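Shown next, in structure tokens, is the structure this report addresses.
Just so it is clear, the values below take in all heavy atoms, side chains as well, and ignore hydrogens, waters and symmetry mates. Not measured: the values here are computed from a predicted model. Chain naming here is simple, since letters A, B, ... match the order of the sequence lines and numbering starts at 1 in each.
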2 protein chains.
Amino acid sequence: MADALRQFKSEIFQGLANPTRIAIVELLRDGEQSAGKLIEKLGIEQANASQHLAVLRAKQIVVSRKVGNQVYYSIRDHALIEVLDILRRYFYAQLSSTVNMLRKAAREEPKPRTGTPR
Amino acid sequence: MADALRQFKSEIFQGLANPTRIAIVELLRDGEQSAGKLIEKLGIEQANASQHLAVLRAKQIVVSRKVGNQVYYSIRDHALIEVLDILRRYFYAQLSSTVNMLRKAAREEPKPRTGTPR
DNA sequence: CCAGTATATTCGAATAATCGCATGTTTATC
DNA sequence: GATAAACATGCGATTATTCGAATATACTGG
């Protein structure tokens, strides 16, 4: 069972392991959107967006609802939004620790060597 | 900036998009472990484990600490554990909704058609 | 310095992900 | 039924992941 759970988790992660798909999920953050709107906001090829949406559907990350001509997408479970929020905080935490690291390194190395010395 | 953040998130997800690497992170959940212990518990090739550890290092998901002969790994930020916990709950939620879906389908289709009808 | 243990890296083959382009399918309108 | 709009799917090329096997590196004890 623990195996199936790991498999499941890794598939979710795989579903999100792409900047375009993350962008889609973030666009869906505040409610459903039609595929057309998503494509417009993403500024990518229609077919490409559709493929990414297919991946998100396959991993059960989003669900779709057809209304007449259009298909509306929404996030299946709010838990995933939580995950993105955690990572946002994590990102800024890492960022500031990296900045501090760089500052420290700068203090310790008096000659930063910009340009190409002979 | 939003772009860099998405890139960052997708790299974290990519780092976790593999059952073995999830297993590693879970083994590190309760504190640091040597590479050797991890390999032993995972039951995989040494080189393979080392490659996965390299991926986790590259994505900054784990940090390593060398003590004499051995290398101790630990999770860089507890936030990632939170993420895994959220997904565990998510998994069971999806599981039970899937089971309910199957039950419903079973009730609605009286002849489940096992075998190959002519 | 030599042998052994712990870990990392490199290489090659197999598989999977990504993209653009072309083509299908479904629905609405005339 | 013909045309157009909104999506989805299939295909081929390119690139990335994954794994095992072999090899390299770092440290320890003699």
For this session: Kindly point out which of C:dC19, D:dT18, C:dA8 is positioned nearest to the side chain of B:Val71?
Result: C:dA8
Exercise. How many Å lie between CG on B:Leu53 and P on D:dC19, as a whole number?
Worked result: 12 Å
Problem set entry | Over all atoms of both residues, closest heavy-atom pair of B:Glu11 and B:Lys59 | O-CD, 3.4 Å
Exercise. Rounded to the nearest Å, what distance is computed from the CG atom of residue A:Asn69 to the P atom of nucleotide C:dC30?
Worked result: 13 Å
Exercise. Under 4.0 angstrom, heavy atoms only, what part of the nucleic acid is B:Ala47 near: base, sugar-phosphate, or nothing?
Worked result: base
Exercise. Can you tell me how far P of C:dT7 sits from CG of B:Leu38, to the nearest Å?
Worked result: 9 Å
Problem set entry | Which nucleotide in C:dT18, D:dA8, C:dA8 has an atom nearest any side-chain atom of A:Arg21 | C:dT18
Problem set entry | Euclidean distance, atom CD of residue B:Gln46 to atom C1' of D:dT18 [Å, nearest integer] | 16 Å
For this session: Rounded off to whole Å, could you give me the CD-to-P distance for the B:Gln51 and D:dG20 pair?
Result: 9 Å
For this session: Mind calculating the distance between NE2 (B:His52) and P (C:dA8) to the nearest angstrom?
Result: 13 Å
For this session: Starting at atom CG of A:Asn48, determine the distance to atom P of C:dC21, rounded to an integer number of angstrom.
Result: 11 Å
Problem set entry | Touch class at under 4.0 angstrom, heavy-atom based, for A:Tyr73 against every strand present | sugar-phosphate
Exercise. Which is true for A:Gln14 with a 4.0 Å heavy-atom rule: it touches a base, it touches only sugar-phosphate, or it touches nothing?
Worked result: sugar-phosphate
Exercise. If you check every side-chain atom of B:Asn18, which of C:dA8, D:dT18, D:dC7 has the closest atom?
Worked result: D:dT18
Problem set entry | Length of the CD1-C1' vector between B:Ile39 and C:dA8, whole Å | 10 Å
For this session: State whether a side-chain donor-acceptor pair under 3.5 Å links B:Tyr73 with B:Arg57.
Result: yes
For this session: Scan B:Asn18, B:Ile22, B:Val83, B:Val25 and name whichever one has a side chain to side chain contact (heavy atoms under 4.5 Å, CB included) with A:Lys9.
Result: B:Ile22
Exercise. Do B:Tyr92 and B:Ile81 sit in the same hydrophobic cluster, where Ile, Leu, Val, Met, Phe, Trp and Tyr count as joined when their side-chain heavy atoms come under 4.5 Å apart?
Worked result: yes
Exercise. Does B:Asp85 pair with B:Arg29 as a salt bridge, N-O distance under 4.0 Å?
Worked result: yes
